[in-house]
Amino acid sequence: MNPSPLPSRLVDSFGRVHNNLRISVTDRCNIRCVYCMPESVQFLPRTDLLTFEEIERFVRVATTLGIDKIRLTGGEPLVRRDLPLLVSRLAAIPGVKDIGLTTNGILLRPMAQTLWDAGLRRINVSLDTMDPAKFETLTRRTGFEDVISGILAAKDAGFDPVKVNAVAIKGMTEDDVVPLGRFAREHGLELRFIEYMPLDAGDHWERGKVLFASEILELLASGISPLAPAPDQDPRAPAIDYDYVDGGGRVGLIASVSRPFCMSCNRVRLTAEGKLRNCLFALQETDIRALLREGATDDAIARALVESVAGKWEGHQINTARFIKPERLMHSIGG
Ligand code: SAM
Ligand code: SF4
């Protein structure tokens, strides 16, 4: 019997079309954010990581199924040697329309221009505070000044907008919201707050520690200027965008907990060791590396991707008693 023809789009049983692939290039990181990683971690041996050739092959196959948007993440993607080379190889794949990077920014300053020249066009830098001492508390490392200079170097290299991601944790980051807002306005950056999610080391997450998007909006409105929903929202984007009514810029709120966006999810994720995850909170994975290393055909790899997406669940259950925290922590998934 002939196998069924492959689809041209990745559609799950809820009708969601997937065009967005997030690729983790390493589980290693040069800092230790308290909401993401434990202080000491057993990292993957290097031979477990997908090679650039393997990543490139998977992306080529994925583009035949409609994947056209790639984001490189980690761990900290800039600690992976020769990352700009991977960017240029992915940018050369005909179906790839858009490549982005999420980074902690520590190593960004000397690399920003090279990344731009390699074809990277979107950049998100994570920064939770404008207070250098608090930066050290939150990341258990130094590097605040490097992040700031990395953000400014990205702007100079041509990234527009540079997005700044801040995790919002109740009892921890309220005082950082307004200073971050001011910094973003001063430099024309797009600030995005991400509600704290249960993917942390040590199981510290609880619902009461989520600083909700609505609370962040109130802090910004009273400390800086009122905001109104942006007129040009992308309904499929995870962030809900707001514009300062005084024209001072845009703020995005990623309300994963208080307003889950699962029903418009268009993402799949590939971990650094080649496990395909159809949800950030997935409890099952597909071993793409095994297929790549066992000589599977492109057709077999494509079918594994189609099958993974087809089996995607309706959404995470964070707000219910049914929620089961995945074993993997954020840094080993690729946020
Ligand atoms: N190292 C890079 C960085 O920090 O940007 C990329 C990987 S990091 C896992 C990706 C994003 O996930 C960062 O913006 C980080 O702040 C966010 N993140 C990590 N742990 C989180 C958590 N428990 N809840 C919400 N966001 C989290
Ligand atoms: Fe590293 Fe990013 Fe996790 Fe912070 S959030 S520990 S920078 S991977």
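Indexing begins at 1, ligand by ligand and atom by atom, following the structure's order.
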Could you check which of Ala166, Cys33, Gly75 puts a non-hydrogen atom nearest to atom 1 (N) of ligand 1?
Gly75
Check each heavy atom of Cys33 against ligand 2 and say whether those closer than 4.0 Å belong to the side chain, the backbone, both or neither.
both
Would you mind running through ligand 1 and noting each atom that sits below 4.0 Å from a heavy atom of Glu195?
25 (C)
Considering only non-hydrogen protein atoms, determine which one is nearest to atom 27 (C) of ligand 1 and report residue, atom name and distance to 0.1 Å.
Met330 CE, 3.5 Å
Atom 16 (O) of ligand 1 [closest protein heavy-atom partner, distance rounded to 0.1 Å]:
Val167 CG2, 3.1 Å
When you compare ligand 1 with Tyr35, is there at least one nitrogen or oxygen pair between them that comes in under 3.5 angstrom?
yes
For the 3.5 Å polar cut-off, considering only N or O atoms, please tell me whether His331 and ligand 1 meet it.
no
For Asn165, counting its heavy atoms only, list the atoms of ligand 1 lying under 4.0 Å from any of them.
14 (O)
Metal check, atom 1 (Fe) of ligand 2 vs Cys36 N/O/S, cut-off below 2.8 Å
no
Of all the atoms in ligand 1, which lie at a distance below 4.0 Å from a heavy atom belonging to Gly74?
7 (C), 9 (C)
Polar-atom distance check: Asp200 versus ligand 1, any N or O pair below 3.5 Å?
no
Which of the numbered atoms in ligand 1 are under 4.0 angstrom from any heavy atom belonging to Thr73?
6 (C), 7 (C)
Do any N/O atoms on Met197 end up under 3.5 angstrom from N/O atoms on ligand 1?
yes
Any nitrogen or oxygen of Cys36 lying under 3.5 Å from a nitrogen or oxygen in ligand 1? Just yes or no.
no
Considering only the protein, which heavy-atom contact is closest to atom 1 (Fe) of ligand 2, and what is its distance?
Cys29 SG, 2.3 Å
Backbone, side chain, both or neither: what part of Thr102 comes under 4.0 angstrom of ligand 1, heavy atoms only?
both
Residue, atom and distance of the protein heavy atom nearest atom 3 (C) of ligand 1 read Ser126 OG, 3.4 Å
Hey, which atoms in ligand 1 end up nearer than 4.0 Å to a heavy atom of Thr103?
2 (C), 3 (C), 5 (O)
Looking only at heavy atoms, is any part of Asn124 under 4.0 Å from ligand 1, and if so is it the side chain, the backbone, or both, or is it neither?
neither
